[in-house]
Amino acid sequence: MDVIIDTDPGCDDALAIMFAVRCGRFRIRALTTVCGNGPIELVTKNARYVLDALGKPEIPVFSGAKTPLNAQWQPAVVHGESCLGRIVAPGEIELTNDAVERMNEFLCAEPGRISIVALGPLTNLANLIERFPGAIEKAKKVIILGGAVRPPGNKGRVAEFNFWVDPEAAKRVIEHAFSKTLITLDACFQVVLQREDFLGIRDEASRTMALDLMEPYIEANEAEEGIRGAIMYDPLALHFLVNPKAATVVEHDVVVETQGDFTRGMLVADLRAVPNKKHNVSVVERIDPAVFRADLIQGINQEL
């Protein structure tokens, strides 16, 4: 399965990349980076570090948006200063500043073959839609980690972090007419892993890397969300492509709020029981926690 992963690593981004690399189900054509969990320089360096640590130096990393479309960027706090928990990626990296151009090249060269998995704010995808009309429609699938239909937000009262960082980009992507699937907080809040779960990773270096990512993240989740454990966000997006049968998918008509003092970045779904209601997105509202847990560890162990 050919994928471009648009990402802002991020502890859970790094775990998602580890799963994608190791499970043997993906041909990762590129990582594209976006300002989100950290500044573009840091998340791009982290993306390169994670791939190199997993033995995949040949996978290219292309840097993208340095700022949200119209908002002032603010970082996440749950990932720590380095955005990778206890891991600090060494050195510096030269930004390519061409993520959107590269996405367009990949999609136009092989229409209908490559899926996009968006794990960060949707700034790169919004710019792709604006600058290269028709390109995103050439993706096989577009899977987006973002939004919340029924639960509270993880950034403020009602907004999910990725949509909160760049609500204008989320609005542009949601309103654009193409097939898209959202992995929302509805699913994420139901899948919480503990330190003991990662002890099932057989390879010592991989297990150490996972624990260095997840142990500080577990502590931060408890402080920020009141949940003792590692809430699974980004890995669910890759898992959905591997095992869609583990997911509950509901069609919804949604919009994104960009202006509210308290609702900026909120995904607003039409939950009214009216006949012939339209829908513009597929929403993954649940992924079986036990199935995900088993698939994640088995996938990471797959190519060891």
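Hydrogens, waters and symmetry mates play no part in the numbers below; they use all other heavy atoms, side chains included. Here, residue 1 is the first one in the sequence, and each next residue gets the next number.
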Side-chain ([X]) to main-chain ([Y]) donor-acceptor, under 3.5 angstrom:
X: Arg202; Y: Asn301; result: yes
X: Asn162; Y: Leu145; result: yes
X: Arg113; Y: Lys138; result: no
X: His252; Y: Val281; result: no
X: Asn46; Y: Pro9; result: yes
X: Lys45; Y: Ala89; result: yes
X: Ser82; Y: Ile87; result: yes
X: Asn97; Y: Ser63; result: no
X: Lys277; Y: Asp270; result: yes
X: Lys278; Y: Asp253; result: no

[X] side, atom [atom1]; [Y] side, atom [atom2] - distance, nearest 0.5 Å:
X: Met232; Y: His239; atom1: CE; atom2: NE2; result: 12.0 Å
X: Arg293; Y: Gln194; atom1: CZ; atom2: CD; result: 8.5 Å
X: Asn154; Y: Phe189; atom1: CG; atom2: CZ; result: 5.0 Å
X: Arg207; Y: Met214; atom1: CZ; atom2: CE; result: 15.5 Å
X: Thr32; Y: Phe106; atom1: OG1; atom2: CZ; result: 9.5 Å
X: Gln190; Y: Leu236; atom1: CD; atom2: CG; result: 10.0 Å

Quick one, [X] and [Y] - any side-chain contact, counting heavy atoms below 4.5 Å?
X: Phe198; Y: Leu296; answer: yes
X: His279; Y: Val250; answer: no
X: Pro121; Y: Asp8; answer: yes
X: Met1; Y: Lys141; answer: no
X: Glu168; Y: Thr123; answer: no
X: Asp234; Y: Thr7; answer: no
X: Lys180; Y: Ile174; answer: yes
X: Asp166; Y: Leu122; answer: no

- prompt: Going by the angle between their ring planes, with limits at 30° and 60°, are Phe19 and Phe26 parallel, tilted or perpendicular?
  reply: perpendicular
message: Over 60° means perpendicular and under 30° means parallel, so tell me whether Tyr217 and Tyr233 are parallel, tilted or perpendicular.
response: perpendicular
query: With Leu182, which of Ile144, Val142, Ile143, Val149 fulfils side-chain contact (heavy atoms from CB on, under 4.5 Å)?
result: Ile144
ILVMFWY network linking [X] to [Y], side-chain heavy atoms under 4.5 angstrom:
X: Leu267; Y: Leu125; answer: yes
X: Val100; Y: Val43; answer: no
X: Leu238; Y: Val284; answer: yes
X: Ile218; Y: Leu199; answer: no
X: Ile136; Y: Val254; answer: yes

message: Is there a side chain to side chain contact (heavy atoms under 4.5 Å, CB included) between Val50 and Met18? Walk through the geometry before answering.
response: CA-CA 8 Å; Val50 170; Met18 179 184 290; 5.8 Å; no
- request: Could you give me the CA-CA distance, side-chain angles and deciding distance for Ile201 and Ile297, then say whether side chain to side chain contact (heavy atoms under 4.5 Å, CB included) is met?
  value: CA-CA 6 Å; Ile201 299 174; Ile297 301 305; 4.1 Å; yes
message: With a 6.0 Å cut-off (strictly less than), is the heavy-atom count around NZ of Lys155, excluding the residue itself, greater than 12?
response: yes
Over all heavy atoms of both residues, which pair between [X] and [Y] is shortest? Give the atoms and the distance, please.
X: Pro57; Y: Asp52; result: CA-OD1, 3.4 Å
X: Ala99; Y: Asn124; result: CB-ND2, 4.2 Å
X: Phe163; Y: Gly265; result: CB-O, 3.3 Å
X: Thr96; Y: Phe62; result: OG1-CA, 3.3 Å
X: Val158; Y: Thr263; result: CG2-CA, 3.8 Å
X: Leu119; Y: Ala16; result: CD1-CB, 4.1 Å

- prompt: Where do Tyr49 and Ile93 land on the side chain to side chain contact (heavy atoms under 4.5 Å, CB included) test, with the steps shown first?
  reply: CA-CA 10 Å; Tyr49 170 84; Ile93 193 167; over 6 Å; no
task: Provide the full list of salt bridge (charged side-chain N to carboxylate O under 4.0 Å, His left out) pairs with a residue in residues 80-108, sequence neighbours left out, each pair given once.
output: Arg86-Asp212, Arg86-Glu215, Asp98-Arg102, Glu101-Arg131, Arg102-Glu105
field: Verdict with reasoning, Gln302 to Arg25, per side chain to side chain contact (heavy atoms under 4.5 Å, CB included)
entry: CA-CA 10 Å; Gln302 186 67 33; Arg25 299 289 297 277; over 6 Å; no
